[in-house]
Amino acid sequence: GGEDWLYRIDEPRELHWLPVIENISAACGLKRVIAICGLAHLDPFSSKLRVSGHEVETKSVREQSWNDETWCLPATPAEAY
């Protein structure tokens with residue numbers, strides 16, 4: 001199904017970016033890093049970072065008070081004309 005297809009694409013991306021972030025952070029002596037990712041990666045990628053020993057804080061744009069997704073709602077018949 002769709003979830004299997006998504007996993008086969010997303011999992012390799014997450015496994016690629018994890019060492020990239022870790023290596024650049026170590027090379028630059030960074031203690032804190034902001035990683036921006038799509039919603040589908042929020043939980044699985046943050047879990048991979050935690051398993052690697054990192055302290056992780058996640059924020060979803062969709063949960064922020066300033067987020068407005070009304071632009072993507074379908075138009076009512078009256079608004080369609």
Side-chain angles (χ1 to χ4, degrees):
E3 290 182 15
D4 180 54
W5 175 82
L6 209 57
Y7 176 81
R8 287 185 286 139
I9 291 175
D10 288 350
E11 181 71 7
R13 288 179 181 169
E14 293 172 5
L15 294 175
H16 165 80
W17 283 108
L18 182 63
V20 170
I21 291 169
E22 290 178 331
N23 291 335
I24 291 173
S25 299
C28 296
L30 301 176
K31 301 290 182 200
R32 299 181 72 167
V33 176
I34 294 175
I36 300 171
C37 64
L39 185 61
H41 296 278
L42 191 60
D43 290 332
F45 191 57
S46 61
S47 294
K48 286 177 180 63
L49 290 166
R50 286 185 184 101
V51 167
S52 291
H54 302 282
E55 183 179 326
V56 178
E57 178 183 348
T58 60
K59 299 242 184 233
S60 173
V61 169
R62 291 183 174 175
E63 295 172 0
Q64 303 307 307
S65 62
W66 47 261
N67 184 45
D68 179 8
E69 295 185 19
T70 58
W71 60 270
C72 64
L73 296 175
T76 63
E79 295 172 331
Y81 299 102

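Residues: numbered from 1 along the sequence shown.
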Any chance you could lay out the side chain to side chain contact (heavy atoms under 4.5 Å, CB included) test for Asn67 and Glu63, step after step, and finish with the verdict? CA-CA 7 Å; Asn67 184 45; Glu63 295 172 0; over 6 Å; no

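- Across Val56 and Arg50, no two heavy atoms sit closer than the pair O-NH2, 3.3 Å.
- By the rule that hydrophobic residues join a cluster once side-chain heavy atoms approach within less than 4.5 Å of another member, Ile24 and Leu18 end up as members of one cluster.
- Considering only heavy atoms from C-beta on, Pro44 stays 4.5 Å or farther from Asp10 through its side chain.
- Residue-environment remark: CD1 (Ile36) stays at or below the threshold of 12 foreign heavy atoms within 6.0 Å.
- In this structure, CG in Asp43 is found 10.5 Å from NZ in Lys48, a value given to the nearest 0.5 Å.
- Ionic pairing of Lys31 and Glu55 is not present here: no N-O contact between side-chain nitrogen and carboxylate oxygen is shorter than 4.0 angstrom.
- Hydrophobic clustering (side-chain heavy atoms under 4.5 Å, transitive across Ile, Leu, Val, Met, Phe, Trp, Tyr) keeps Leu42 apart from Leu49.
- Rounding to the nearest 0.5 Å gives a distance of 10.0 Å between CD of Glu11 and NE2 of His41.
- More than 12 heavy atoms of other shown residues, nucleotides or ligands fall within 6.0 angstrom of atom CH2 in Trp66.
- Note on Phe45: it does not cluster hydrophobically with Ile9, by side-chain heavy-atom contacts below 4.5 Å among ILVMFWY residues.
- Here CD of Glu69 is found 5.0 Å from CZ of Arg62. Values are rounded to the nearest 0.5 Å.
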